[in-house]
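Worksheet: the structure to be examined is printed underneath.
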Number of protein chains: 2
Amino acid sequence: MKSDHPEADCPMIVLLDRIADKWAVLVMAMLRHDAMRFNELRRCVGGISQKMLAQTLRGLERDGLVTRTVFATSPVTVEYAITTLGMTLVSTMDELRIWSEKNINAVSAARRRFDAARQNIAPVRMRG
Amino acid sequence: MKSDHPEADCPMIVLLDRIADKWAVLVMAMLRHDAMRFNELRRCVGGISQKMLAQTLRGLERDGLVTRTVFATSPVTVEYAITTLGMTLVSTMDELRIWSEKNINAVSAARRRFDAARQNIAPVRMRG
DNA sequence: CAGGATCCTTTAAGATACTG
DNA sequence: CAGTATCTTAAAGGATCCTG
């Protein structure tokens with residue numbers, strides 16, 4: 001059953017859900033300065049499967065954020081590039097990626113503190 | 001089996017995955033200017049389940065982005081607020097939400113164009 | 001090269017019920 | 001009020017094979 005909250009499928013939240021996506025962020029970041037081909041992206045975005053890359057690119061294309069251009073070379077070449085609409089979003093998305101890079105240590109430290117603190121609260125059933 | 005790509009669980013990508021999350025974005029946006037209580041957040045963030053809210057808040061707390069403060073009133077009151085670290089991220093996260101609000105129409109239009117274009121390509125098997 | 005189709009496992013997430 | 005625990009269903013995602 002769907003939720004009875006009408007906001008649940010609010011279009012804005014659906015869209016936010018699509019752009020607040022790690023693969024979308026990484027792909028857009030790669031395309032930020034240059035158009036790229038499929039397997040080129042696959043190599044540069046570490047750890048993405050071909051399925052997820054295809055799916056992510058299809059979604060970005062559908063949303064009007066990237067273009068897909070086929071060149072009739074042999075074998076065929078396909079180039080992805082950011083649209084004008086995409087340009088209005090890419091810097092914000094990339095800031096998210098950059099923040100992650102810069103603050104991974106601070107966050108890791110916070111996690112260790114949190115997990116350590118939980119240990120002290122945890123079920124203290126020793127020889128209970 | 002886990003992927004054999006070492007980048008697959010790159011800590012930066014794991015972190016990006018956690019902050020590029022629609023509920024995290026919406027919760028952080030709510031806390032941007034004021035601390036808020038659990039059920040207050042639940043009401044203001046439309047369509048979030050209590051489970052997802054609890055889970056999102058726990059994650060943000062663990063990552064050092066929000067604090068959780070318990071007041072021994074009756075019944076108990078719990079207040080969530082953004083940390084100093086969280087403040088360095090909240091504006092970027094919120095830009096994502098604001099972009100979604102502003103560009104939902106442009107994206108919807110792009111989707112209609114994309115879907116319409118696909119119709120013309122689709123299997124044209126009429127009276128095959 | 002650039003994917004689509006399929007299978008199959010893992011994870012996410014909603015509903016529901018209960019607690020201090 | 002502010003959650004936790006459990007169950008179950010829906011969805012995500014990887015691996016693999018195949019094609020123009």
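Lettering of chains follows the sequences in order, A, B, ..., and the numbering in each one begins at 1.
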Any [X] side-chain heavy atom under 4.5 Å of [Y] side chain:
| X | Y | result |
| --- | --- | --- |
| A/Lys22 | B/Ile13 | yes |
| A/Val45 | A/Leu53 | no |
| A/Trp99 | B/Ile19 | yes |

Pair A/Arg111-B/Asp63, side-chain contact (heavy atoms from CB on, under 4.5 Å): steps then yes or no | CA-CA 5 Å; A/Arg111 285 179 183 172; B/Asp63 289 353; 2.6 Å; yes

Can any side-chain N or O of A/Thr83 pair as donor or acceptor with the backbone N or O of A/Gly64 at less than 3.5 Å?
->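 Flag set: sc A/Thr83 to bb A/Gly64 pair under 3.5 Å.
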
Looking only at non-hydrogen atoms, find the nearest pair between B/Trp23 and B/Met52 and report the distance.
->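 In terms of heavy atoms, the two residues are closest at CD1-CE, 3.7 Å.
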
So which heavy atom on B/Ser100 is nearest to which on A/Leu15, and how close?
->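 The pair with the smallest heavy-atom distance is O-CD2, 3.5 Å.
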
D/dG13 P sits how many Å from A/Trp23 CH2, rounded?
->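 Nearest whole value for this atom pair: 9 Å.
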
Stepwise salt bridge (Lys or Arg N to Asp or Glu O under 4.0 Å) check, B/Arg112 with B/Asp115 = CA-CA 5 Å; B/Arg112 280 192 297 275; B/Asp115 295 345; over 6 Å; no

Please determine if a side-chain N or O atom of A/Thr77 lies less than 4.0 Å away from the OP1 or OP2 oxygen of C/dC1.
->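 The answer is no; no side-chain N or O of A/Thr77 sits under 4.0 Å from OP1 or OP2.
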
Looking only at side-chain N and O atoms, does A/Arg37 come under 4.0 Å of OP1 or OP2 in C/dA2?
->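 So the side-chain polar atoms of A/Arg37 do come within 4.0 Å of the phosphate oxygens OP1 or OP2 of C/dA2, strictly under.
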
Atom pairs, N/O to N/O, protein against nucleotides 3-6 of chain D, distance under 3.5 Å?
unit_1	atom_1	unit_2	atom_2	d
D/dG3	OP1	B/Arg68	NE	3.1
D/dG3	OP1	B/Arg68	NH2	2.8
D/dG3	OP1	B/Tyr80	OH	3.3
D/dG3	OP2	B/Tyr80	OH	2.6
D/dT4	O4	B/Gln50	NE2	2.8

If each of A/Ser49 and A/Val76 is mapped to the nucleotide of DNA chain D with the nearest heavy atom, which maps nearer the 5' terminus, i.e. the 5' end?
->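 Looking at DNA chain D, the more 5' nearest nucleotide goes with A/Ser49.
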
Estimate the overall bend of the helix from C/dC1-D/dG20 to C/dG20-D/dC1 from the end axes over five pairs each, rounded to 10 degrees.
->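 One end's axis against the other's: 50°.
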
